[in-house]
Every structure is written in C-alpha cells, then in structure tokens.
Amino acid sequence: MDNARVKARTLSGFMELMPQDQLLFNKIASTLEEHYRLCGFLPLDTPILENSDVLLAKAGGETEKQIYRFTKGDSDLTMRFDLTVPLAKYVALHYNDLVFPFKRYQIGKVYRGERSQRGRFREFYQADIDIIGDGELAITNDAEIPSIIYGVFSALGLTDFTIRINNRKILFGLFLMLSIEEYAEEAMRIVDKIEKIGRDKAAGELRDMGIAAEKVELLLQFIAISGSSEEMLSQLRAFSRGEELFERGIHELECVVKAVSMFGVPEESYKIDLSIARGLDYYTGTVYETSFDKHPEIGSICSGGRYDNLAGHYTDKKLPGVGVSIGLTRLFFILNEMNYLNRQVSTPVDVLVLPMTESYEEAIAFASLLRTNHLNAQIYFEDKKFKNKMSYANRINVPFVAFIGEDEIKQRTVSLKNFISGVQVTVSREEALSVIRGSLEEIGDTKIINCT
RNA sequence: GUGGGUAUAGCUCAGUCGGUUAGAGCACCAGAUUGUGGUUCUGGGUGUCGACGGUUCGAAUCCGUUUACCCACCCCA
C-alpha cells in the first residue's frame, strides 16, 4: 500500500551526484591520483571503521563531539574523521615493514557528525599526501608539498587559487616573547580566523582571554606584516629578540619559500601569511592553507602542515611527517558553484551501438571490436521506436552513435554519426575505429575545468 | 551543542481576507515523425500542501506540537 512506501531521501550533508557529474568527479579524483603517483607517492587504503580507542587516542573534546561512534556487541567503533590519524596508526603498526621516508597518498571518504552547511559535508572525500620520516625528515619536503598542490590544481586547469604558507614555530616563538604562551592554543584559533571576523573583533576576543591590550596590539601588528616573501622575511628577522624557537621558525620558512620557487611554483600562486595558524594542535612547523581567490568564504579546500610526532600515541618511535589534505567534495562543490566544470568532457561511453534489425549478432560483434580497441561501447537492446533510441543517445551525451542495419550488415560497414557535429558517414568497421579515436582525442585534450 | 529561518509537483517557486476542482516555469511522458536526436507545435499534473492535533460550516492559509531541512556560531576539507 501507499502508506507502506518509504520516502526516498538522502541524508543532509551527504553528496549524491548525477552520473554525468559523478564522471567529472571521478576524473578529478583520478587526475589527483595520477599526479600523486607522478611525484612518487604510493597508494594506501585503510578501513573506514576503527576501534574508538585507536581513532580517539588524540582527540580533544571538540573532535569527540563531531564523531560518528557506535557500539556493535562489545566493540566500541568510530568512523574515521580524517585520513591522518589512520595513517599514524598504520605507520606505527607496520613500522618494521615500511621504507622511510614513507610517501603515501590516500583518497577516501571521511565522516564528521557536525551540522552541515554550504560547502560543508558530513561525508566527504579527502585526498591526502603525506611524507613520514624515521626520526628525521628534511625541511625541503615541506617545500615539495605546496609544489604538488600547485601541480594538481594546474593539472585540473585551475588558476585562481593561492597557497598560503606559515610556520607555527614563529607564532609559538612570538607567544613566548610576549610571555603569553599559556594562551597559545586558543590565541592560534583566533589568529586563524582574523580574516573572517575582522581585526577589531579578534582584538576583543584576545583581550577577553586575558592578554594585555598592548600585547594584543603587538600580536596583531605582527600578524599584519605583509609584502613579498623577501620583504616579509626581513621584517620578521627585525622582530626577533633572539628567541630560539622564533628564529628556527623563520629559518624553516625561509628554506621552504626558497625551495618552493625551485620547484617552479610561480610567485602569484603562493604567499607567506602569518595569520595562517590551523586549529589542529598536532602541527608543529610549516602550515599550509589553500583557498579560491574568488570564494574565500567557503573556506580552505586544501590544508596541512608539518607534525613532528604524529604516531606518538601508538609508538615510542619518533616519526615526523608533513602532508596536506585536499577536500575533494568541497572542491567539487565550489567548482560546480563557480560554473567551472566542463561538462563536455564527461561522456559516459564513446559509442552507442544501435542494432536496426531483429538480429543483434553484428551489433554485438561491432561493440566487441570497439571494446577490444579500448573504446567504451554500449549496445541498445530495447525494442523502442527509433526516435526513442536517438533520444536516449542524446540524453546520455554520447559522442558517437553507430547504426547497424540491413545495409550495413550486407556491406559489412557501419553508419557512424557524430552526435556533436551531426555529421554521419558510412565506413568499414575498421575505419570507424580511427574516425572515433581521432575525434575523441580532441575531447580528451580539453581540461576538466574551464575557468574563464 | 547555541541562536534564527523555511517546509506547496522531480526542481525553482506563486497561492489575495480562511471559500468551490491548488497553480507557473523548468524537467518528465505521449503525439505530430516506423532509418535520424537536440529546435518547434499539440496534449498530459506526475501533489498526503512535511507530519500529528486543534479552531471553523469550510484550513495550503489561523493556533499548538513535532519532524526534516537551511543559515549563522562552534569547529573544520
């Protein structure tokens, strides 16, 4: 009965795409994967569920509130909320079998039980890369990470993004110099959102925490230092009062910035921004944040940094690492909103084979020929009117339709219609292969993203 | 978790003072057109007005409760 029918719906905060968009999403994901491989990263997949004690070893009060956690029998389980904590567990567990520095990429879904909002999801994909060292990890790795971000975004066809770089040692060092290190964690968070809430409100919040007004002023002045990388570094040096941590931070930042340009990242795509702090407390040095120049309000689509001792909860070994996470679901959401997605490239199949007679034998044979030649082919078997068959081809956005009717069977040919240009030719089946290939190459060259 | 808002067709939304058979655009289906799609023309409403209860001769409309969703905060990709 009708009352028994359940209303079909998708949970809020869970992205569900139409096939054409899913195709684009998958292409973006595979572009990322390809680029990660190109840079020497190895694939990794870990379970979505872990024992709660493993995932929450590190978690503070806030994280715990936003987690999907449940029990099944006697086991207390948690869904992963990022890919970094599972990585830490993985590296600690398989320490003896891994080769360091261990470079891995992982693209997978993560879950956060927070209120969903525009551009914010409860289930979303992260595409992570991390480099883990055994005991030590060279600072140049910190510079390669942003170059990889630049590389993947460029590979997608994106231009208007900025990678902002900072070093938390500088901020910690400053807190030490001002003798306000006890407020460090909360102050970091306020500093981090200064762009959003404004200087005055940030000043108020810092004072409310109990930091003296003149120190707040000094802190905000410091954060606001701007200019080219060179100018900023020299201004930072002038700020130094011989505080060791502060100077180490400046040194690291300098190394990173220099090396980033060696990696070929153009000046306009990255900058030092002293207000980038990152809320997560496991970062200990370099931090990154990437956002779209036109949509800063949606927030970071890619962020990460250096952590000196990630696996500390699972092992005595010191395992420093550096990495970033691209918020793939959010990235896709923004690209869609900005109308940047080039749907022309999302063709589901290359060829739709339409049998025009009762016998499907020749149509199947032709489809097999296409498939053995790595062309995606679909055969339409339904007994519908011709118009419906054409309309189907039109709706699935297929670039070629191949008619196999009486004439074509007799002459061992195929009538091939280019659905984009409308041009139709009747050629031998072997010739059809090269016609299709030639035309697909043109489509293949166009970028997934069209940002003009 | 805190504060504010919304709920009518697959989607975006109208719906007057409470009044008769609840509408528009897009989408979808059928026909014009049995080997040529997109455009056009013609026809078709595909709905528990979120749910439950109350007021009333009469409720999409007023009142109460509830659920879902959206926005902001918190936090974050």
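Reminder, nothing fancy here: chain letters follow the sequence lines and each chain counts from 1.
The side chain of A:K417 sits closest to B:U36 out of B:G35, B:A30, B:U36. You'll find that the side chain of A:E114 is closest to B:C75, out of B:C75, B:U36, B:A32. Considering only side-chain atoms of A:R112, the nucleotide from B:C76, B:C71, B:C70 that sits closest is B:C76. Among B:C73, B:U36, B:A77, the nucleotide with an atom closest to any side-chain atom of A:I301 is B:A77.
For the pairing with A:F332, the ring pair (Phe, Tyr, Trp, His ring centres under 6.0 Å) check across A:Y125, A:Y340, A:F124, A:F25 returns one residue only, A:F25.
With rounding to whole Å, A:L354 atom CG is found 10 Å from B:U36 atom C1'. Between A:Y283 atom OH and B:C75 atom C1' the separation is 14 Å, expressed in whole Å. Note: CG (A:L352) to P (B:U36) measures 16 Å, nearest angstrom. What separates CG of A:N394 from P of B:G37 is a distance of 10 Å, to the nearest Å. Between the CZ atom of A:F121 and the P atom of B:C70 there is a distance of 10 Å, rounded to whole Å. Here B:G37 presents its C1' atom at 14 Å from NZ of A:K389, a figure rounded to the nearest Å. One interatomic measurement links the two molecules: CG of A:D383 to P of B:U34, which rounds to 14 Å at whole-angstrom precision. Following rounding to the nearest Å, A:L328 (CG) and B:C76 (C1') show an atom-to-atom distance of 16 Å.
Residue contacts for A:K193: at a heavy-atom cut-off of 4.0 Å it reaches the sugar-phosphate backbone alone, with no base atom in range. Residue contacts shown for A:Q117 include a base, since a base heavy atom lies under 4.0 Å away. Using a 4.0 Å heavy-atom distance criterion, A:E123 is classed as making no nucleic acid contact. If you check every strand for non-hydrogen atoms under 4.0 Å, A:F419 touches a base. Across all strands shown, A:S116 has heavy atoms under 4.0 Å from sugar-phosphate atoms exclusively, and none from any base.
Partners of A:R118 by salt bridge (Lys or Arg N to Asp or Glu O under 4.0 Å), not counting sequence neighbours, listed by chain and number: A:E297, A:E337.
Across the C1' atoms, B:A32 and B:U39 are found 14 Å apart, a figure rounded to whole Å. Rounded to the nearest Å, the gap between the P atom of B:A60 and that of B:C49 is 8 Å. Using atom P as the reference point in both B:A30 and B:G38, the two lie 13 Å apart (nearest Å). Between the C1' atoms of B:C74 and B:C11, the separation comes to 33 Å (whole Å). On the C1' atoms, B:C63 is 25 Å away from B:U20, given to the nearest whole Å. Distance noted for atom C1' between B:G25 and B:C70: 23 Å (whole Å). B:G23 and B:A68: their C1' atoms are spaced 25 Å apart (whole Å). Comparing B:U48 with B:C29, their C1' atoms sit 24 Å apart, to the nearest whole Å.
Counting heavy atoms of neighbouring residues, nucleotides and ligands inside a 6.0 Å radius, atom CZ of A:R371 exceeds 12 of them. The neighbour count for A:Q424 CD, taken as heavy atoms of other residues, nucleotides or ligands under 6.0 Å away, is above 12.
Donor-acceptor pairing under 3.5 Å, judged by distance alone, is absent between the side chain of A:Q424 and the base of B:G37. Side-chain to base pairing of A:E289 with B:A77: no donor and acceptor N or O lie closer than 3.5 Å to each other. A donor-acceptor contact under 3.5 Å links the side chain of A:R120 to the base of B:C75. For B:U34, the base has no donor-acceptor partner in the side chain of A:K385 [N/O atoms by modelled type, under 3.5 angstrom].
Side-chain nitrogen and oxygen atoms of A:S303 include none within less than 4.0 Å of the OP1 or OP2 phosphate oxygen of B:C76. Between A:Q66 and the phosphate of B:C76, there is no side-chain N or O to OP1/OP2 separation shorter than 4.0 Å. Regarding contacts with the backbone of B:C28, a side-chain N or O of A:R395 is found under 4.0 angstrom from either OP1 or OP2. For the OP1/OP2 pair of B:C70 and a distance below 4.0 Å, the side-chain nitrogens and oxygens of A:S12 include at least one atom meeting the criterion.
Take the nearest nucleotide of RNA chain B for A:C302 and for A:K196: the residue whose nucleotide is more 5' is A:K196. Of the two residues contacting RNA chain B, namely A:S421 and A:R118, the nearest-nucleotide position lying further toward the 5' end is that of A:S421.
The side-chain ring of A:F386 is not stacked on the base of B:G35, judged by centre separation under 5.5 angstrom and plane angle under 30 degrees.
Using a 4.5 Å heavy-atom cutoff, the side chains of A:L354 and A:Y392 are not in contact. Between A:E144 and A:K103 the shortest side-chain heavy-atom distance falls below 4.5 Å. You'll find the side chain of A:L206 reaches within 4.5 Å of the side chain of A:L220, heavy atoms only.
Paired regions of RNA chain B, where each region holds three or more successive Watson-Crick or G-U pairs whose two hydrogen-bonding distances fall under 3.5 Å, are B:1-7 with B:67-73, B:10-13 with B:23-26, B:28-32 with B:40-44, B:50-54 with B:62-66.
To the nearest 0.5 angstrom, A:F333 atom CZ is 14.0 Å from A:L328 atom CG. Here the straight-line distance linking atom CZ of A:R168 with atom OH of A:Y283 works out to 9.0 Å at 0.5 Å rounding.
Residues in residues 395-429 of chain A take part in these ring pair (Phe, Tyr, Trp, His ring centres under 6.0 Å) pairs, two or more places apart or across chains: A:F386-A:F403.
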